[in-house]
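Reviewing the structure listed below.
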Amino acid sequence: MKHSYPDFIVLGSTGSVGEQAMDVARAHGIRVRGISAHRSVDTVEAQVRRHLPDFAVLTDEHAARDLRARLADTSVRVLSGFEGITEMLHTVRVDNPLGLTVENSILGQAGLLPTLETLRAGHKLALANKESLVVGGEIVMSLARERGVDILPVDSEHCAIFQCLRAGRREEIKRILLTASGGPFYGYTKEQLESVTKAQTLNHPTWKMGAKITVDSATLMNKGFEVIEAVHLFGVSAEQVKVVVHRESMIHSMVEYIDHSIIAQLSMPDMRHCVQYALTHPNRTDAGDTLQETDLFSIGKLTFSPPDGEVFPLLPLAVDCISQGGALPAVLNAANEEVVAAFLSERIRFCEIAEYVERTVEDLRRTSSWHTYEEILTADMLARETAQRYMA
């Protein structure tokens, strides 16, 4: 059976999820209309020559000038800066009856503005940038409703929940069971975390990801962000989201309904599954050679346990921040970005990450009453300054 696909723009095309999105496009012959990255000129040039998009954007202006010179023999428009991303999103012309899907896999708070511009342009959004919802979830979801634009989650857990929700109505949800691998330090004590190294932290047991998100997985901050994301995406309270440590990482999340039925989504851990589903929803398409088949016999068993909020306090802190609301989750994210960057540059130890993030959030709890875009940006700036002051 021949399948049709929307046209595709990939923001953050050189990151881990972005490269897997490009793999899906290549495997299924999906027309890529635009890509963006920061400054990975060699990789972007190779992607452009393989897919021949209409646009290529590098947010680093020097790198954009280099790319423009290299692609002078093509008709591809090379733009620069976040202004270039905005121009691409608003000027791309699509004659595909299935429209255009934009995957946002830009890393960090920088992904918020492209998320908002995608929605303003009326394009379907495949969202892999969780910070868009952590930092500006109220604004993002309000704009999506106003413009009537679908947001399709690409995070493996939220893609799983999205699929499980097809089994019942939203008012029938009892709770969402958000699975977590537990990271490389599952079962550690606080004392054991005192001596862990950067190399140990970056050795995730399941997923191959960028350094920042791998650290977040080790502290369980990433799972805290995913709780915030789930609250916004699925219209549930923080109390309705329960984190379950599932070391095998085969069940990607579950939904429990009011009759105590639990619907789970299970597959091999591979982000390409999530990208493909976002492009084909509400239909499914044959995985072909792109995705590995799930062999239940080789899995053998599935185990579940509660997370340790005392050893990994950033998870309960995230739940507290979304319960308080306003700009407090933006404070949490900004503080975490600054502190994790300090850890990766070996200025602080792993066990100090939670301490500095917690202190910053406590200092800025007043921001829970801030809701506008401008207030969120101010909260972000204050959190970064406060975190840096504590680490000085």
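Sequence positions, counted from 1, serve as the residue numbers for this chain.
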Query raised in the report: Side chains of L89 and F55: closer than 4.5 Å at any heavy-atom pair?
Result: no
**Report entry** Electrostatic pair D308:K190 at N-O distance under 4.0 angstrom
**Finding:** no
Report summary line: Here the gap from R147 atom CZ to H123 atom NE2, rounded to the nearest 0.5 Å, amounts to 11.5 Å
Requested in this report: Test F225 against every option in I322, L332, D155 by the side-chain contact (heavy atoms from CB on, under 4.5 Å) rule and name the one that passes.
Outcome: L332
Query raised in the report: Under a 4.5 Å cut-off applied to non-hydrogen side-chain atoms, are C321 and V361 in contact?
Result: yes
Query - Exam field: side chain S105 to backbone G12, donor-acceptor pair closer than 3.5 Å - result: yes
**Report entry** Whether E375 side chain and T372 backbone form a donor-acceptor pair below 3.5 Å
**Finding:** yes
Report task. State which residues pass salt bridge (Lys or Arg N to Asp or Glu O under 4.0 Å) with D95; sequence neighbours excluded, sorted by chain then number. Result -> none
Requested in this report: Check the pair E45 / R49 against salt bridge (charged side-chain N to carboxylate O under 4.0 Å, His left out), numbers first and verdict last.
Outcome: CA-CA 6 Å; E45 181 184 7; R49 294 193 181 279; 3.1 Å; yes
Requested in this report: Establish, from distance only, whether the side-chain atoms of T303 and E248 form a donor-acceptor pair under 3.5 Å.
Outcome: yes
Report summary line: Rounded to the nearest 0.5 angstrom, the OG-CG distance for S253 and L178 is 4.5 Å
Query raised in the report: Taking side chain as C-beta onward, heavy atoms only, is L143 less than 4.5 Å from R120?
Result: yes
Query raised in the report: So, S305 versus Y186: side-chain donor-acceptor pair below 3.5 Å or not?
Result: yes
Report task. Evaluate the salt bridge (charged side-chain N to carboxylate O under 4.0 Å, His left out) criterion for residues R70 and D42: first the C-alpha distance (whole Å), next the side-chain angles of each, then the deciding distance (0.1 Å), finally the verdict. Result -> CA-CA 10 Å; R70 295 190 191 195; D42 291 342; 2.6 Å; yes
**Report entry** Short side-chain donor-acceptor distance under 3.5 Å, Y277 and T285
**Finding:** no
Report task. Decide yes or no for R366 and L364: does some side-chain heavy atom of the first lie under 4.5 Å from some side-chain heavy atom of the second? Result -> yes
Query raised in the report: Below 4.5 Å, heavy atoms only, C-beta onward: do E229 and V241 meet side chain to side chain?
Result: no
Report task. Answer yes or no: is there a donor N or O on one side and an acceptor on the other, between the side chain of R33 and the main chain of R93, under 3.5 Å? Result -> yes
Query raised in the report: Around H371, counting heavy atoms of other residues, nucleotides and ligands shown, do more than 12 lie under 6.0 Å from its NE2?
Result: yes
Query raised in the report: Heavy-atom distance under 4.5 Å between the side chains of D150 and L125, does that happen here?
Result: no
Query - Side-chain donor or acceptor of T367 paired with backbone N/O of W370 under 3.5 Å - result: no
Query raised in the report: Between P282 and R166, is any pair of side-chain heavy atoms under 4.5 Å apart?
Result: yes
Query raised in the report: Got F8 and V275 here, is their nearest side-chain heavy-atom distance under 4.5 Å?
Result: yes
Query raised in the report: With hydrophobic residues grouped by side-chain heavy-atom distances under 4.5 Å, do I213 and V215 end up in a single group?
Result: no
**Report entry** Cluster check V243, V357: I/L/V/M/F/W/Y, side chain < 4.5 angstrom
**Finding:** yes
Report summary line: Heavy-atom nearest pair, V44 first then A56, reads CG1-CB, 4.5 Å
Requested in this report: Spell out, as yes or no, whether a donor-acceptor pair under 3.5 Å connects the side chain of S80 to the backbone of L58.
Outcome: no
Report task. Any ring pair (Phe, Tyr, Trp, His ring centres under 6.0 Å) involving residues 283-338? Give me the pairs, sequence neighbours left out, ordered by first then second residue. Result -> H246-F304
Query raised in the report: Who pairs with E172 by salt bridge (Lys or Arg N to Asp or Glu O under 4.0 Å), at least two apart in sequence or on another chain?
Result: R169
Query raised in the report: Between E352 (side chain) and R349 (backbone), is there a donor-acceptor pair under 3.5 Å?
Result: yes
Query raised in the report: Which is it for T280 and N283 under the side-chain hydrogen bond (donor to acceptor under 3.5 Å, both in side chains) test, yes or no, and what are the steps along the way?
Result: CA-CA 5 Å; T280 63; N283 304 308; over 6 Å; no
Requested in this report: Count the heavy atoms of every other residue, nucleotide or ligand shown that sit under 6.0 Å from NZ of K198, and state whether that count exceeds 12.
Outcome: yes
Report task. Can you sort out the partners of Y188 under ring pair (Phe, Tyr, Trp, His ring centres under 6.0 Å), two or more places apart, ordered by chain and number? Result -> F185
Report task. Could you give me the CA-CA distance, side-chain angles and deciding distance for D7 and K124, then say whether salt bridge (charged side-chain N to carboxylate O under 4.0 Å, His left out) is met? Result -> CA-CA 10 Å; D7 290 353; K124 188 179 292 187; over 6 Å; no
Query raised in the report: For residues H38 and T59, is any side-chain donor paired with an opposing acceptor at under 3.5 Å?
Result: yes
Query raised in the report: Does the pair E131 and Q109 meet the rule for a side-chain hydrogen bond (donor to acceptor under 3.5 Å, both in side chains), with working shown?
Result: CA-CA 5 Å; E131 290 83 2; Q109 186 266 355; over 6 Å; no
Query raised in the report: Do M271 and I106 belong to the same hydrophobic cluster, where Ile, Leu, Val, Met, Phe, Trp and Tyr are linked whenever their side-chain heavy atoms lie under 4.5 Å apart, directly or via other members?
Result: no
Query raised in the report: Could you go step by step and tell me if H281 and Q163 meet the side-chain hydrogen bond (donor to acceptor under 3.5 Å, both in side chains) rule?
Result: CA-CA 10 Å; H281 173 268; Q163 295 177 66; over 6 Å; no
Query raised in the report: Got a donor-acceptor contact below 3.5 angstrom from the H252 side chain to the C159 backbone?
Result: no
Report task. Enter the distance from H158:NE2 to I151:CD1 here, rounded to the nearest 0.5 Å. Result -> 12.0 Å
Report task. Test V255 against every option in I262, L177, I161 by the side-chain contact (heavy atoms from CB on, under 4.5 Å) rule and name the one that passes. Result -> I161
Query raised in the report: In terms of hydrophobic clustering (I, L, V, M, F, W, Y; side-chain heavy atoms under 4.5 Å; direct or indirect links), are I85 and V140 co-clustered?
Result: no
Query raised in the report: Can you tell me how far CD of E256 sits from CD1 of I176, rounded to the nearest 0.5 angstrom?
Result: 11.5 Å
Query raised in the report: CZ of R50 to CD1 of I35: how many Å apart, nearest 0.5 Å?
Result: 10.0 Å
**Report entry** Neighbour count >12 (heavy atoms, 6.0 Å) for atom CD, E310
**Finding:** no
Report task. May I ask you to say whether R359 pairs ionically with D363, meaning some side-chain N is under 4.0 Å from a carboxylate O? Result -> no
Requested in this report: Kindly work out whether a path of hydrophobic side-chain contacts (I/L/V/M/F/W/Y, heavy atoms less than 4.5 Å apart) joins L116 to L127.
Outcome: yes
Query raised in the report: For N104, which residues count as a side-chain hydrogen bond (donor to acceptor under 3.5 Å, both in side chains) partner, sequence neighbours excluded?
Result: T115
Query raised in the report: Taking Q240 for the side chain and S237 for the main chain, is one N or O donor matched with an acceptor at less than 3.5 Å?
Result: yes
Requested in this report: Evaluate whether atom CD of E293 has more than 12 neighbouring non-hydrogen atoms of other residues, nucleotides or ligands under 6.0 angstrom away.
Outcome: no
Report task. Please name all residues satisfying salt bridge (Lys or Arg N to Asp or Glu O under 4.0 Å) with E87, sequence neighbours left out, ordered by chain then number. Result -> R77
Report task. Could you tell me whether the side chain of T214 and the main chain of L202 form a donor-acceptor pair under 3.5 Å? Result -> no
Requested in this report: Apply side-chain hydrogen bond (donor to acceptor under 3.5 Å, both in side chains) to E117 and T86, showing your working.
Outcome: CA-CA 6 Å; E117 292 302 333; T86 298; 4.6 Å; no
Requested in this report: Look up atom CD1 in I251 and atom CD in Q265, then write down how far apart they are to the nearest 0.5 Å.
Outcome: 9.5 Å
